[in-house]
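One structure is given below, encoded as structure tokens.
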Amino acid sequence: MSNQLCIVLDFGGQYNQLIARRVRECGVYCEIKRFDMPISEIKAMNPTAIIFTGGPNSVYDPSSPHISEEIFSIGVPVLGICYGCQLVAYTLGGKVESCEKSEYGKIEITQDSDSLLFRDVPQKSVVWMSHTDFVSKLPDGFRVTAKSDDCPCAAFEAPERKIYAVQFHPEVTHSEFGKQILHNFLYNVCGCTGDWVMDDFIENTVARLREQIGDKKVILGLSGGVDSSVAAGLLSRAVGKQLTCVFVDQGLMRKDEGDFVEETFTKLFDMNFVRVNCKDKFLAALKGVTDPEQKRKIIGTEFYNVFWDKIREQGTDGFFAQGTIYPDRIESGRGNQAGHGSTAVIKTHHNMVKMPDDIKFAGTIEPLGDLFKDEVRKVGEKLGIPHDLVWRQPFPGPGLGVRIIGEITEEKIKILQEADAVFRDEIRKSGIEEQLKQFFAVLPDVRTVGVMGDHRTYDHLIAIRAVTTDDFMTADWARIPYDVLAKVSNRLCNEVEHVNRVVYDITSKPPGTVEWE
Ligand code: XMP
């Protein structure tokens, strides 16, 4: 890749991916690397800019991540953010102390308007602060460029050495002019030209894929999700019929979704499309099973049994492609970033599996391995993949299996598919779809008494779920207007057979999860 590069050195902060995304939004290619990456390797990558991230530590703690002073003399401008800002001061001989009062949340700063970093930023603006230490004495040759009421050194710099530091987080949207500040650093300080554009990415990737694949075959597992769909689109453009997409339909997708995926990829793209319908096999394996984890395990195991069998049948004398994206690589530890802390396994995510030993391909191809989700969507749109696929909501691997509580039966799948379709249709018509990150229907294992005409009914309950969230780690239930809820409830009871009651899930995450199982 010949793009200019910004390296984000990861010191363990929670917003690191956000920093990288913002840099990319500024049109500059960016990669996250561990803080202890040898300086020689950093130099070899020939970066145009370096950013130190925040982190939960104190620079005086001997076990906290540090960096050699040499990083400041390799001729690449540096911007330190939060912990990274304190590290700049500490490493170059300044002093860092604990604040009497930690600053957290939206804070007003006053900045020095002749700093390149603050060009086109008003003298007073609101930024996002989150720190308990602060820089109390600057290293020689530095000057303060911004302060707040409680932080005398909210930003500082040594412009001749191209070293800049901000105590606040320009990457979060709460910092009013944060993006402008990052833009200023990249363009005014580092001289970036904005050469990271998606059209070029497609052209370069297609050329690279053609060269790498030659006349060999490629197999891709297509789930109908955003990532595998865009990977399929790119590979199809690169090698056409040399690509085979294997689509396993376990019968747990939303209404008509399997047909939509098949139609899209057989009509719009040049490739071999292999659909495996195996609903009956899944239903047999799930018969009588009610435990959520067991259901997830069975669906995952069956899925991969079917998938690998199909792969063996197609032959492995070529490449295996995957829709892995950059955050997947980072989260699985392949993104070369600092791994701090560990996360408990809350649910078995069945998309993390190992390839069986007997299956050996010439190599693995991850055409989207360097992209963030929003970039994947841009590429998808440019490739002409339909809007509904490019903007598809997250959909769990086990599909409706985790939205049917209790035993999964054919009848329940049908009820839920119908109910979910009605709910989605009504949300779409109401014009609030864009405000919701995810919305769907759930079929709890509950029947209740109702009345229809003169008759008593004893039938299914449908729960509807809609959330707003930034990252799905936490989520809030969406405040859907009452009149929309009323229409949904009406339609569900009238149009979906065996539904006689509707409830709206008003649980946030935590304590709830987005899915019910
Ligand atoms: P939870 O229920 O954990 O969901 O709050 C967070 C987000 O993850 C999606 N989800 C999954 N995605 N495989 C996936 O690919 C899974 O097994 C899975 N389980 C949950 C969920 O829909 C939500 O967007």
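Side-chain atoms are counted along with the backbone in the values below, which use heavy atoms only and exclude waters and symmetry mates. Both counts, for ligands and for their atoms, begin at 1 and track the order of listing. Quantities reported herein were computed from a predicted structural model and do not represent experimental measurements.
Ligand 1 lies nowhere less than 4.0 angstrom from a heavy atom belonging to Gln393.
Interface of Pro394 with ligand 1, defined as ligand atoms under 4.0 Å from a residue heavy atom, comprises 24 (O). Ligand-side atoms of ligand 1 in range of Lys509: 1 (P), 3 (O), 5 (O), 6 (C), range being under 4.0 angstrom from any heavy atom. Here is the list of ligand 1 atoms found below 4.0 Å of a heavy atom in Pro398: 16 (C), 17 (O).
Using a 3.5 Å distance cut-off with no hydrogens or angles, the side chains of Thr457 and Asp459 do not pair a donor with an acceptor.
At most 12 heavy atoms of other shown residues, nucleotides or ligands fall within 6.0 angstrom of atom NZ in Lys267.
In this structure, Lys255 does not pair ionically with Glu257, as no charged nitrogen and carboxylate oxygen lie closer than 4.0 Å.
Of all the heavy atoms of Gln438, the ones lying under 4.0 Å from any atom of ligand 1 belong exclusively to the side chain.
Within the 6.0 Å centre-distance limit, the rings of Phe11 and Phe52 are counted as a close aromatic pair. Here Tyr104 and Trp128 bring their ring centres to under 6.0 angstrom of each other.
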